[in-house]
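Just so it is clear: chains get the letters A, B, ... in the order the sequence lines come, proteins before strands, and each one is counted from 1.
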Amino acid sequence: MPKLIIDNIPVEVADGVTVLEAAQSVDIPIPHFCWHPALGKAGACRVCAVKMVDGPVKGIQMSCMLPAQDGMVVSTTDPEAVAMRRNVIEWLMINHPHDCPVCDEGGECQLQDYTIAGGHGIRRYSGTKRTHINQDLGPYIEHEMNRCIQCYRCVRFYQEYAGGTDFGVMGSAGRVYYGRFEDGQLESPFSGNLVDICPTGVFTDKTARFKARYWDYDMAPSVCPGCSLGCNTTPVARYRELLKMTARRNEAVNGWFICDRSRFANDAVNDPQRPRTPLIDGREASRDEALEALLLRIAQIEELYGSGSIAVVGSSRLALEGAALLPRLAECCSAGALCYFTSQEESDRTLPLIELLSSGKPASQRDVRESDCIVVCGCDPLQKAPMLALAVRQAWRNGAAVYVVPFGSAQGTEGVQKSTILQMNRWLSGVEASQEPKRLYDAISVHSLDAVPLADAKQPVLICSATNAPDRLAETLEQQSNLKLAVIFPAANSYVAAQLAGAHGAVSLEHAVATGKIKGIIAVEADIPPQLLEGIPFVAALDWRMTETVQAAQIVLPTTAWVEMDGTCINNEGRAQRFKKVMNPGVPVRGLDPAGHPPHIHRTIPPGGEPQPAWQTVAALIEGLCGEQITEPLSGKWERLQELAAESEGVMINDL
Amino acid sequence: MKILSDIAALLTGMWITWKHIFRRPVTIQYPEEKRTPYPRYRARIVLTRDPDGGERCVACQLCSAACPVDCISMQPGEEADGRRYAEWFRINFARCIFCGLCAEACPTLAIQMTPDFEICKRDIMDLVYEKEDLLIDGCGKSPEYNFYRHAGIGVTQQRGEGIEEKRPVDVRSLLP
């Protein structure tokens, strides 16, 4: 434990920690470009210079390259160090173009911040600037090489951290070039992180090109609903349009990064087809009218077909707030069935796994990254939960052994990783990869779980999928006390759905419909297959997406998307995380009058801005049916989640 | 001799009064009579064009950020040649305090103040000026400057042919 003094503040840090990190631990900022917490050091930018006043090394040193040692006396404010940093910035700016006004990074640019902070304002160098020809890197990432300051962050992330092979660094000296060998879409399913990781504007988000500036963004901490991992994000919106998704740091979950599937999936929220106004039999109505009509229809159905003819259907993408109110709604309309899953098979597979996870030890993405032995059992993480595959790669890079047990639907896993990288690219853009990409990690293929030497491992993790879980999972977990389990569920809130389904004796909709008693369905953000709706005389849908269920429903009550409300979701390990409202609901300004400027009309609510979160609509139904007013959806078991902060690492619901 | 100084004070005051009676009045009969403001007078804001006739505004949002009363809003867009421009640009003159911070913040010299101070409307909504009301056909106070000639992003000229630029690097060459 070296002890050192930085700017007269004594600091004690762990072995191997650099002077830069030691300074950060006591809130002394040292500028840096090439150093990144997830990538480590490169010593390329020279802007983290400090003066070593006393100790084992003396003079100007790069704080990111120097491990903290006993007796060091560091000054970050020494005139010599300050002059060095100022000169380095001026030197980096020699070739930097004069294009901040037309650069999307402007306002959120590290280079801009440090240039201003270092005091460099007027160009003294009278020579010419180096220029580059840009590449077309596909529909998601914009390339502008003139802005590059050669920090090597992009290539270190792309090749080392994310295992990509089609992007690299070329040339020498002042002509260093970061790009592909030829134009074309980046093949890594994590390429979007280049946007976040570049300290200046070489890589910017093409989907949000020329849309807004950092200081105008509507931003809030959020959680990705793309898969069951619950990676932390910061969605960015402006003028009621979701512009882009950026990664938010959560060391326990996604670390610093997110996958491209999460990053470039704004279309659902911005979809012009989204239901925005309530509908009664296809006729537009006010929210109150629609609620009244729905209450009337519920009463009519009960009168016609008797009590127990209504099914209340939730889903595994519904946030905890709404899902937790559904049992009460089912009671109030004396429903015959409360359903969280439509398919019996999914329900049967998910419920036992949730029980196993709440009694056993769930593995977080951090556990996977720090593991020394990983068993990937009958699934390909890259396909259903890409960030988990990236976590496996980090463990593999640190020397962990990765075993693959192919069985069930995931036979022949050797080919799986390769094909899914290709599939993801096709999913993103329809572009085929030019060549077989390198796999994220090398795995040892074994025929069964027994062949894996689990007993020798210190922190083993077993990864499996809820759709194809191994049979003797409970036994294996019992035998191996330190084994942790990571399950990939089909949807973001499968854990919530299964937990509530277990606690309230819910059945699957398939099962309920098969009894023949169900004559009316209230679908709350549920995707019900059309064949289950056949022969059901009444369907009401609460949803923010234009699904087949919404199209089939007689009464539609629009709800808000996840970025338009506060809510809670529970990820695959049972970690409850809060997401905050990013923007107001409503038709984007861009969608109002694409040709001209927004209209000159004063309004208190924007057009299409009436939808309420699903739980509020459910609460309004409960109030209409049994007169009970609900102002706080999280009560009883969930009460402690009310205090949950969105910026925290989340709370394991097993600890509640 | 207090009385003498009092009389002197009275007479001085009287003399000043009489002197002003015969002076030419400073009041002018506005609006029939008009004064010409100084060229740098800060009044109605305009958007100017560069010497080549292109819109100078790149919708960088710095003016709206600098505006202390938040009366400027805009939406950037991209033209086919990569030029960034304002899809719409709105100044609410009902709110504007003519402080000139927007013109000072403008990196492309697009937004400029003119001496036209006579903006009165019967309906307050008419004081919301859109881009078509703001954009003029001229360079305003700085006739030479064209931002895209300096920006190095290859909009008005090929990449590497702008002012103070080297030819683009050939990454496949080994020559220095």
Side-chain angles (χ1 to χ4, degrees), chain A residues 94-104 106-107 123 125-135 142 144-148 169-179 181-182 201 206 209-216 238-239 241 588-590 593-602, chain B residues 56-62 64-65 73-79 82-90 92 105-108 110 123-133 147-155 158-176:
Chain A
I94 276 180
N95 282 323
H96 197 77
H98 179 70
D99 66 349
C100 293
V102 293
C103 174
D104 268 328
R123 185 176 170 84
Y125 175 69
S126 58
T128 50
K129 292 179 184 183
R130 166 221 65 195
T131 59
H132 280 293
I133 299 293
N134 299 329
Q135 285 181 332
E142 182 74 29
E144 177 49 73
M145 258 311 288
N146 284 2
R147 297 174 187 145
C148 184
V169 52
M170 293 164 252
S172 65
R175 307 178 305 148
V176 168
Y177 189 87
Y178 299 84
F181 190 68
E182 51 196 8
K206 210 180 235 181
R209 184 161 163 81
F210 295 171
K211 291 273 179 76
R213 282 270 176 239
Y214 184 75
W215 52 79
D216 288 329
R238 173 73 173 153
Y239 291 140
E241 183 187 3
V589 169
R590 192 179 280 270
D593 182 6
H597 49 73
H600 289 201
I601 302 166
H602 288 297
Chain B
R56 264 187 179 147
C57 176
V58 297
C60 70
Q61 318 247 15
L62 278 178
S64 61
S73 48
M74 78 200 71
Q75 173 66 57
E78 186 179 10
E79 285 193 38
R83 193 184 179 104
R84 185 175 164 135
Y85 76 109
E87 274 180 8
W88 51 268
F89 191 105
R90 174 181 284 184
N92 184 349
C106 185
T108 64
D123 181 4
I124 197 160
M125 289 307 274
D126 291 344
L127 282 171
V128 178
Y129 276 44
E130 298 292 345
K131 189 169 137 184
E132 50 268 32
D133 310 317
F147 166 77
Y148 279 109
R149 297 243 173 265
H150 300 262
I153 58 162
V155 167
Q158 290 292 311
R159 289 176 74 86
E161 288 173 10
I163 293 161
E164 290 185 348
E165 278 175 21
K166 286 193 185 82
R167 302 284 304 152
V169 168
D170 178 7
V171 276
R172 288 181 178 79
S173 161
L174 287 171
L175 297 171

Original post:
Using non-hydrogen atoms only, which part of A:Y214 is less than 4.5 Å away from chain B: side chain, backbone, both, or neither?
Top reply: neither
**OP:** Under 4.5 Å heavy-atom distance to chain B, tell me which part of A:N134 shows up: side chain, backbone, both or neither.
**Re:** both
Original post:
Does the B:T108 side chain pair with the main chain of B:R56, one donor and one acceptor, at a distance under 3.5 Å?
Top reply: yes
Original post:
Ignoring hydrogens and geometry, is there a side-chain-to-backbone donor-acceptor pair from B:R83 to B:E78 under 3.5 Å?
Top reply: no
Which of the residues [options] is involved in the greatest number of heavy-atom pairs with chain A at under 4.5 angstrom?
options	answer
B:H150, B:R90, B:Q75, B:M125	B:R90
B:A59, B:A65, B:G154, B:G162	B:A65
B:E130, B:E132, B:K131	B:E130

Subject >> Heavy-atom pairs under 4.5 Å with chain B, option from A:M145, A:H600, A:K211, A:R238 with the top count >> reply: A:H600
Subject >> Portion of B:F89 that has a non-hydrogen atom of chain A nearer than 4.5 angstrom >> reply: neither
Subject >> Heavy-atom contact with chain A under 4.5 Å, split by part of B:R172 >> reply: side chain
Original post:
Is it the case that B:E164 and A:H98 place a side-chain donor and acceptor less than 3.5 Å from each other?
Top reply: no
Subject >> Under-4.0 Å salt bridge between B:E165 and B:R159 >> reply: no
Subject >> Residues that B:Y85 engages under ring pair (Phe, Tyr, Trp, His ring centres under 6.0 Å), provided they are two or more places apart >> reply: none
Subject >> Nearest atoms (heavy-atom pairs only) where B:A86 meets B:C57 >> reply: CB-SG, 4.2 Å
